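Note that the structure is predicted; figures quoted are calculated from it, not measured. So you know, we letter chains A, B, ... as the sequences are listed, proteins then strands, and number each from 1.
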Protein chains: 2
Amino acid sequence: MRQLFRYTGSVTRWLDEREQTTWRSYLRMQSRLHAELHRRLQAESGLSLADFDVLVALTDRPDERARVLELATSLDWEKSRLSHHLARMQKRGLIGREECDDDGRGNYVVLTADGRAAIDAAAPGHVETVRELVFDALPADDLAALGRIAEAVLTRVDRP
Amino acid sequence: MRQLFRYTGSVTRWLDEREQTTWRSYLRMQSRLHAELHRRLQAESGLSLADFDVLVALTDRPDERARVLELATSLDWEKSRLSHHLARMQKRGLIGREECDDDGRGNYVVLTADGRAAIDAAAPGHVETVRELVFDALPADDLAALGRIAEAVLTRVDRP
DNA sequence: CCAACATAGGTGATGCGTCAACTATTCCGC
DNA sequence: GCGGAATAGTTGACGCATCACCTATGTTGG
């Protein structure tokens, strides 16, 4: 990452050469992978990765509808982010809103026919991209390691 | 990710249960990790991860100066993104500009004293966070796997 | 009942990232 | 040298993410 070894007097434990190489590779991979997934999805379907996630979360629901905060929880998004995003998606006709009878504050977010068509059209290509860029590139044991790594890091991040 | 198995007639090879679990874990990990690294860096130093990367790239240079497109290349950023970001960083006094004698179109980006102070103050805490959230969480063989995985995926993404 | 509080959700400002278009210089072939 | 292509860098528009704050409705203890 750079001459991080300059601060040798600090209490910080610096990264050694291998750690530094690994970290740089990870950062570069995640940035390039995200960009490429986004680019292809956008080009093939006009959806962003965020759109895709919202639509997937909606189709996961029994009635293809959900309260805004339910959706925010299952996406692990801030409600404000979701609110802004839903407004844009609604303008594009991908989702709609319905009154919530038992809670006057609430809203249901519903999948529109256009929204369903969009996710149905986008999903196969996106899955194929993920397979091509990730799963086809990894032997079984590295795949298993990836799962372990993700869970281990998540445990650290989620319990600070 | 959802009922991706619906499209069984398609040519797409779907993800099996283990692949799907792994993929979801990865997505969640990368999103939470990035958010947490950003949050802590921001709280402790007022720098964003992007600011950090730019400042690190600059301190990597012999004279702590670089042409804009050089910087863009080493960061692997689009020149437009960098241009916008440099404008914001300049407004905050983290970097400055200098005329380029041998190329009238060009600019040198230079690290200011404030910029150097900021990166010096931010780096130890950031490295410590990375160590705590990632390296301390992983046994040596998973760390090695992470390096292999990142390189394997990068090869796929970079050669389409 | 009603005041205090909690909850559902939206809004506006600001920073960030991408795209397409633009300006200004330099390079290169004639 | 000069006209067109290439290069360095910026700009504006727009989508996206976060933050702080706001409104409206529901809930609850006295």
Side-chain angles (χ1 to χ4, degrees), chain A residues 30-43 45-55 65-92 94-110, chain B residues 30-43 45-55 65-92 94-110:
Chain A
Q30 87 85 4
S31 140
R32 305 278 287 110
L33 178 59
H34 187 277
E36 188 66 15
L37 291 174
H38 183 81
R39 202 186 59 72
R40 294 201 199 181
L41 181 63
Q42 184 79 47
S45 70
L47 297 178
S48 68
L49 283 171
D51 298 332
F52 189 88
D53 289 344
V54 170
L55 293 175
R65 66 171 49 220
R67 295 287 293 268
V68 174
L69 291 199
E70 277 175 4
L71 216 47
T73 301
S74 64
L75 288 165
D76 197 26
W77 283 18
E78 296 200 2
K79 64 184 180 159
S80 165
R81 172 184 176 187
L82 182 56
S83 181
H84 283 300
H85 203 89
L86 290 175
R88 288 187 296 263
M89 290 181 75
Q90 184 167 20
K91 209 165 11 175
R92 294 158 60 206
L94 296 171
I95 56 138
R97 314 275 194 157
E98 275 177 25
E99 291 275 311
C100 182
D101 295 334
D102 47 320
D103 189 338
R105 299 165 298 182
N107 254 334
Y108 279 107
V109 181
V110 302
Chain B
Q30 86 84 4
S31 140
R32 305 279 287 107
L33 178 58
H34 187 275
E36 188 65 15
L37 290 174
H38 183 81
R39 201 185 60 71
R40 294 202 198 179
L41 182 62
Q42 184 78 49
S45 70
L47 297 178
S48 67
L49 283 172
D51 297 332
F52 189 88
D53 289 344
V54 170
L55 293 175
R65 65 172 48 221
R67 296 287 294 268
V68 174
L69 291 200
E70 277 175 2
L71 216 48
T73 300
S74 65
L75 288 165
D76 197 26
W77 284 16
E78 295 201 1
K79 63 183 181 164
S80 163
R81 172 183 177 186
L82 183 55
S83 180
H84 282 302
H85 203 89
L86 290 175
R88 288 186 295 263
M89 291 181 76
Q90 185 168 19
K91 208 164 14 177
R92 294 157 61 206
L94 296 171
I95 57 139
R97 314 274 193 157
E98 275 177 23
E99 290 276 311
C100 183
D101 294 332
D102 48 321
D103 189 339
R105 299 164 298 183
N107 254 334
Y108 280 107
V109 181
V110 303

Nucleotide D:dT10, atom C1' - distance to CZ of B:Arg81 in whole Å: 17 Å
- request: Ignoring hydrogens and angles, answer whether the base of D:dT10 and the side-chain atoms of B:Ser80 contain a donor-acceptor pair closer than 3.5 Å.
  value: no
Option passing side chain to side chain donor-acceptor pair (under 3.5 Å) with B:Glu36 (candidates B:Arg40, B:His34, B:His38, B:Arg32): B:Arg40
query: Out of curiosity, A:Ser74 OG to A:Leu69 CG, how far, rounded to the nearest 0.5 Å?
result: 11.0 Å
- prompt: To the nearest Å, how far apart are A:Glu78 CD and C:dG9 P?
  reply: 15 Å
- prompt: Taking A:Ser45 for the side chain and A:Gln42 for the main chain, is one N or O donor matched with an acceptor at less than 3.5 Å?
  reply: no
message: In this structure, how many angstroms lie between the P atom of D:dC16 and the CG atom of A:Leu94, rounded?
response: 10 Å
- prompt: Just how far is it from atom CZ of A:Arg92 to atom CZ of A:Arg88, taken to the nearest 0.5 Å?
  reply: 9.0 Å
message: I need the CZ-C1' distance between B:Arg39 and D:dT18, as an integer number of Å.
response: 13 Å
statement: The reported gap from CG in B:Leu47 to CG in B:Leu94 (rounded to nearest 0.5 angstrom) is 6.5 Å
task: Please report, rounded to the nearest Å, how far the P atom of D:dG9 is from the CG atom of B:Leu75.
output: 13 Å
query: Nearest nucleotide by nearest heavy atom, which residue falls closer to the 5' end of DNA chain D, B:Asn107 or A:Arg88?
result: B:Asn107
message: I need the residues from residues 97-104 of chain B with at least one non-hydrogen atom less than 4.0 Å from DNA chain D; give them sorted by number, or say none.
response: B:Arg97
message: Nearest 0.5 Å, please: how far is CD in A:Glu70 from CG in A:Leu82?
response: 11.5 Å
- prompt: Looking only at side-chain N and O atoms, does A:Arg67 come under 4.0 Å of OP1 or OP2 in C:dA8?
  reply: no
field: Donor-acceptor pair, side chain of B:Ser83 and main chain of B:Lys79, under 3.5 angstrom
entry: no
Protein-nucleotide distance (A:Leu41, atom CG; D:dC16, atom P), rounded to Å: 12 Å
Hey, what are the protein-to-nucleotides 3-7 of chain D N/O distances that come in under 3.5 Å?
| from | atom 1 | to | atom 2 | distance (Å) |
| --- | --- | --- | --- | --- |
| D:dT7 | O2 | B:Arg105 | NH1 | 2.7 |

query: Can you find a donor-acceptor pair, distance only, under 3.5 Å between B:His84 side chain and D:dG12 base?
result: yes
field: Pairwise distance OH(B:Tyr108) to CG(B:Asp101) - rounded to 0.5 angstrom
entry: 8.0 Å
query: Within less than 4.0 Å of OP1 or OP2 of C:dC16, is there a side-chain N or O belonging to B:Ser48?
result: yes
query: When the distance from NZ of A:Lys79 to C1' of D:dC21 is rounded to whole Å, what number comes out?
result: 10 Å
message: Rounded to the nearest 0.5 Å, what separates atom CZ in B:Arg105 from atom CZ in B:Arg67?
response: 7.5 Å
task: Nearest whole angstrom, please: distance from the C1' of C:dT14 to the CD of B:Gln42.
output: 12 Å
